[in-house]
Chemist: 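Sharing a structure, written as structure tokens. Questions coming.
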Amino acid sequence: MPELPEVETVARQIRSQFLNKRITEVIAQPAIIFRDITAAQFASELAGKKLDAVRRYGKFLFWQTGNLFPMFHLGMSGIFLRDKKLSMYPQHIHISFEFEDGGNLYFQDARKFSKVYLLRQEPDFDNLGVDPSKENFTLINFRKLLNLKKMNIKTLLMDQKIIAGIGNIYASEILFGCGIRPTRSADSLSSKAAERLFYEIKRVLNAAIQRFGTTYTAYRTVDGSAGTNQNFLKVYQREGEPCIHCGRPIKKIIQNSRSTFYCPKCQR
DNA sequence: TCTGACCTGCGA
DNA sequence: TCGCAGGTCAGA
């Protein structure tokens, strides 16, 4: 599921529905998604703990349960569902959490690209770049960061060590929104273009959060419903369709083995 | 820096 | 049947 708006949506929903509730039972199926811990250990250590906090950094979701910090990266298709019956792929449910009030939360991932950790201390995310929803994502810092990088701007936006949270859909949408061609070198952007990009990152991500994320394939909210941001995408998966501004067909190229969509006239 | 591998499901 | 999909990572 995975970009910042989807993970933020999930964090908010888990927080509103399960915060401060005790986890009475955890059932975890052995799967490659568990990192540095077995499924059985994960389940036994979390049973009986209270969900004290639900937070997000970049694409990582992490909880605080007493002195333990379960952390999840949702990969391409990891989703949390509060009701198993809503699941399209019940065979791929890897973890079941039962809470004291009888509510259930399930973690499911058909493709098994997700990663699940159980940390002994709060994660610091020192290895990740700035999260664009946090206070330290400032225009001054962003300009400095661009000036240092010769890589193309789309690759930079998606590099989690530089900016944490942007993935393939939002990278294309952000660059379209501020009229910057995805192949441009980051250090070639004018001060003004950098400023447009900075504010467009915030605008696109915030709008997507308000719409509960983008459901393109697997992603669902915790209630099992689709997000709605896919109805507002301007370029992603719209190859050949007319640009909403100039009418020219949207172009698709491959960058770093990932699809990029842009308007050749509006984005320079 | 680039490519392939990791997985499964879906649509052309 | 094949190619592609909101992501990462190791290895060339």
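Just so we're clear, the structure is a prediction, and the values are computed from it rather than from any experiment. Below, read A as the first sequence line, B as the second, and so on, with proteins coming before strands; counting in each chain starts at 1.
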Chemist: Return yes if a side-chain donor-acceptor contact under 3.5 Å exists between A/Asn152 and A/Thr183, otherwise no.
Modeler: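 A/Thr183 and A/Asn152 do not have a side-chain donor-acceptor pair below 3.5 Å.
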Chemist: Any chance you could encode DNA chain C as dot-bracket? Rule is Watson-Crick or G-U wobble with both distances under 3.5 Å; [ ] for pairs crossing earlier ones, | for another strand.
Modeler: |||||.||||||
Chemist: Can you name the residues that form a side chain to side chain donor-acceptor pair (under 3.5 Å) with A/Lys150, not counting sequence neighbours?
Modeler: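 In terms of side chain to side chain donor-acceptor pair (under 3.5 Å), with neighbours along the sequence ignored, A/Lys150 is linked to A/Asp187.
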Chemist: Rounded to the Å, how far apart are A/His92 NE2 and B/dT8 C1'?
Modeler: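 Going from A/His92 (NE2) to B/dT8 (C1'), I get 6 Å.
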Chemist: Is there a side-chain contact between A/Ser259 and the phosphate of C/dA5, meaning an N or O under 4.0 Å from OP1 or OP2?
Modeler: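 The answer is yes; a side-chain N or O of A/Ser259 sits under 4.0 Å from OP1 or OP2.
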Chemist: Between P on B/dC7 and CZ on A/Arg111, what's the gap in Å once rounded to a whole number?
Modeler: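 Rounded to the whole Å, the gap is 11 Å.
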Chemist: Within the structure, does a side-chain N or O atom of A/Gln160 lie under 4.0 Å from either OP1 or OP2 of C/dG7?
Modeler: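 So the side-chain polar atoms of A/Gln160 never come under 4.0 Å of the phosphate oxygens OP1 or OP2 of C/dG7.
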Chemist: Specify the separation, in whole Å, of atom CG of A/Leu74 and atom P of C/dG7.
Modeler: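 That distance rounds to 11 Å.
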Chemist: Could you give all pairs that pass the salt bridge (Lys or Arg N to Asp or Glu O under 4.0 Å) test and reach residues 244-257 of chain A, with sequence neighbours left out?
Modeler: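 Checked against salt bridge (Lys or Arg N to Asp or Glu O under 4.0 Å) - neighbours excluded - no pair reaches residues 244-257 of chain A.
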Chemist: Between A/Glu6 and A/Lys59, does at least one N-O distance fall below 4.0 Å, as a salt bridge requires?
Modeler: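 Looking at A/Glu6 and A/Lys59, the cut-off is not met.
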Chemist: Atom pairs under 3.5 Å, N or O on each side, protein against nucleotides 10-12 of chain B: can you list them with distances?
Modeler:
residue	atom	partner	partner atom	Å
B/dC10	OP1	A/Tyr89	OH	3.4

Chemist: Between C/dA5, C/dG7, B/dT8, which nucleotide gets closest to the side-chain atoms of A/Lys252?
Modeler: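 Among the listed nucleotides, the one closest to the side chain of A/Lys252 is C/dA5.
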Chemist: Out of C/dA5, C/dG7, B/dT3, which has the shortest distance to the side chain of A/Pro2?
Modeler: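 Taking heavy atoms from C-beta onward, the closest nucleotide is C/dG7.
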Chemist: Looking only at side-chain atoms of A/Ile32, point me to the closest of C/dT8, B/dC6, B/dC2.
Modeler: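 Minimum distance to the A/Ile32 side chain belongs to B/dC6.
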Chemist: Rounding to an integer number of Å, can you tell me how far A/Asp109 CG sits from C/dG7 P?
Modeler: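 Computing the A/Asp109:CG to C/dG7:P distance gives 13 Å.
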Chemist: Which salt bridge (Lys or Arg N to Asp or Glu O under 4.0 Å) pairs, counting each pair once, include a residue from residues 88-105 of chain A, with sequence neighbours left out?
Modeler: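 Listed once each, the pairs are A/Lys21-A/Asp101.
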Chemist: Mind checking salt bridge (charged side-chain N to carboxylate O under 4.0 Å, His left out) for A/Lys50 and listing every partner two or more places apart, or none if nothing turns up?
Modeler: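 With neighbours one apart ignored, the set is A/Asp52.
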Chemist: Could you check how far CD of A/Gln255 sits from P of B/dT1, rounded to whole Å?
Modeler: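 Distance, rounded to whole Å: 13 Å.
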Chemist: Identify which nucleotide among B/dT3, C/dG7, B/dT8 has an atom closest to any side-chain atom of A/Lys59, counting heavy atoms from C-beta outward.
Modeler: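 Nucleotide nearest to A/Lys59's side chain: C/dG7.
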Chemist: How long is the line joining CD of A/Gln230 and P of C/dA5, in whole Å?
Modeler: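 From A/Gln230 CD to C/dA5 P: 17 Å.
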Chemist: Between the protein and nucleotides 9-12 of chain C, which nitrogen or oxygen pairs are less than 3.5 angstrom apart?
Modeler:
residue	atom	partner	partner atom	Å
C/dC9	OP1	A/Lys115	NZ	3.0

Chemist: So, A/Phe113 and B/dC6: ring centres less than 5.5 Å apart, planes less than 30° off, yes or no?
Modeler: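 It does: the ring sits over the base of B/dC6.
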Chemist: Grab the CG-P distance between A/Asn256 and B/dA5 for me, whole Å please.
Modeler: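 So the two atoms are 18 Å apart, to the nearest Å.
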Chemist: Given B/dT8, is OP1 or OP2 found less than 4.0 Å from the side-chain N or O atoms of A/Gln108?
Modeler: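 For B/dT8, neither OP1 nor OP2 has a side-chain N or O of A/Gln108 closer than 4.0 Å.
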Chemist: With the 4.5 Å side-chain cut-off for hydrophobic clustering, are A/Phe198 and A/Ile201 part of the same group?
Modeler: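 The answer is yes; both residues are in one hydrophobic cluster.
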Chemist: So is the aromatic ring of A/Tyr216 stacked onto the base of C/dA5, judging by whether the centres are under 5.5 Å apart and the planes are under 30° apart?
Modeler: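 Stacking between A/Tyr216 and C/dA5: absent.
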Chemist: Are A/Arg120 and A/Glu45 close enough for a salt bridge, meaning some N to O gap below 4.0 Å?
Modeler: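 So A/Arg120 pairs with A/Glu45 through a salt bridge.
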Chemist: A/Ser133: what forms a side chain to side chain donor-acceptor pair (under 3.5 Å) with it, not counting sequence neighbours?
Modeler: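 Checked A/Ser133 against side chain to side chain donor-acceptor pair (under 3.5 Å); matches are A/Arg56, A/Asp131.
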Chemist: Go through the structure and list residues passing side chain to side chain contact (heavy atoms under 4.5 Å, CB included) with A/Ala40, not counting sequence neighbours.
Modeler: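 In terms of side chain to side chain contact (heavy atoms under 4.5 Å, CB included), with neighbours along the sequence ignored, A/Ala40 is linked to A/Thr38.
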Chemist: Is it true that a side-chain atom of A/Gln108 and a backbone atom of A/Ile93 form a donor plus acceptor pair closer than 3.5 Å?
Modeler: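 No.
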Chemist: Identify which nucleotide among B/dG9, C/dA5, C/dG7 has an atom closest to any side-chain atom of A/Arg258, counting heavy atoms from C-beta outward.
Modeler: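 Selected nucleotide (nearest to the side chain): C/dG7.
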Chemist: Scan for salt bridge (Lys or Arg N to Asp or Glu O under 4.0 Å) pairs involving residues 194-203 of chain A, sequence neighbours excluded, and state none if there are none.
Modeler: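 Residue pairs passing salt bridge (Lys or Arg N to Asp or Glu O under 4.0 Å), neighbours aside: A/Arg143-A/Glu195, A/Glu200-A/Arg203.
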Chemist: Quick one: salt bridge (Lys or Arg N to Asp or Glu O under 4.0 Å) pairs with a partner in residues 226-243 of chain A, sequence neighbours left out?
Modeler: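 Non-adjacent pairs meeting salt bridge (Lys or Arg N to Asp or Glu O under 4.0 Å): A/Arg238-A/Glu241.
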Chemist: Please list residues of residues 166-179 of chain A whose heavy atoms come under 4.0 Å from any atom in DNA chain C, ordered by number; otherwise none.
Modeler: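 The stretch gives A/Gly167, A/Asn168, A/Ile169 as the residues lying under 4.0 Å from the strand, ordered by number.
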Chemist: Can you say whether the rings of A/Phe142 and A/Phe137 are parallel (under 30°), tilted (30 to 60°) or perpendicular (over 60°)?
Modeler: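 It falls in the perpendicular class, over 60°.
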Chemist: What's the gap between B/dC7 and C/dG11 when it is taken at their P atoms, as a whole Å value?
Modeler: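 To the nearest whole Å, 15 Å.
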Chemist: Considering only B/dT3, C/dA5, C/dG7, which nucleotide approaches the side chain of A/Gln237 most closely?
Modeler: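 Side chain of A/Gln237 sits closest to C/dA5.
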Chemist: What is the distance from atom CZ of A/Phe97 to atom CZ of A/Phe18, rounded to the nearest 0.5 Å?
Modeler: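 The CZ atom of A/Phe18 is 10.0 Å from CZ of A/Phe97, to the nearest 0.5 Å.
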Chemist: Ignoring backbone atoms, establish whether A/His73 has a side-chain N or O less than 4.0 Å from OP1 or OP2 of C/dT8.
Modeler: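 For C/dT8, OP1/OP2 do have a side-chain N/O of A/His73 under 4.0 Å.
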Chemist: What's the CG-C1' distance between A/Leu4 and C/dG7, to the nearest Å?
Modeler: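 Rounded to whole Å, this separation is 14 Å.
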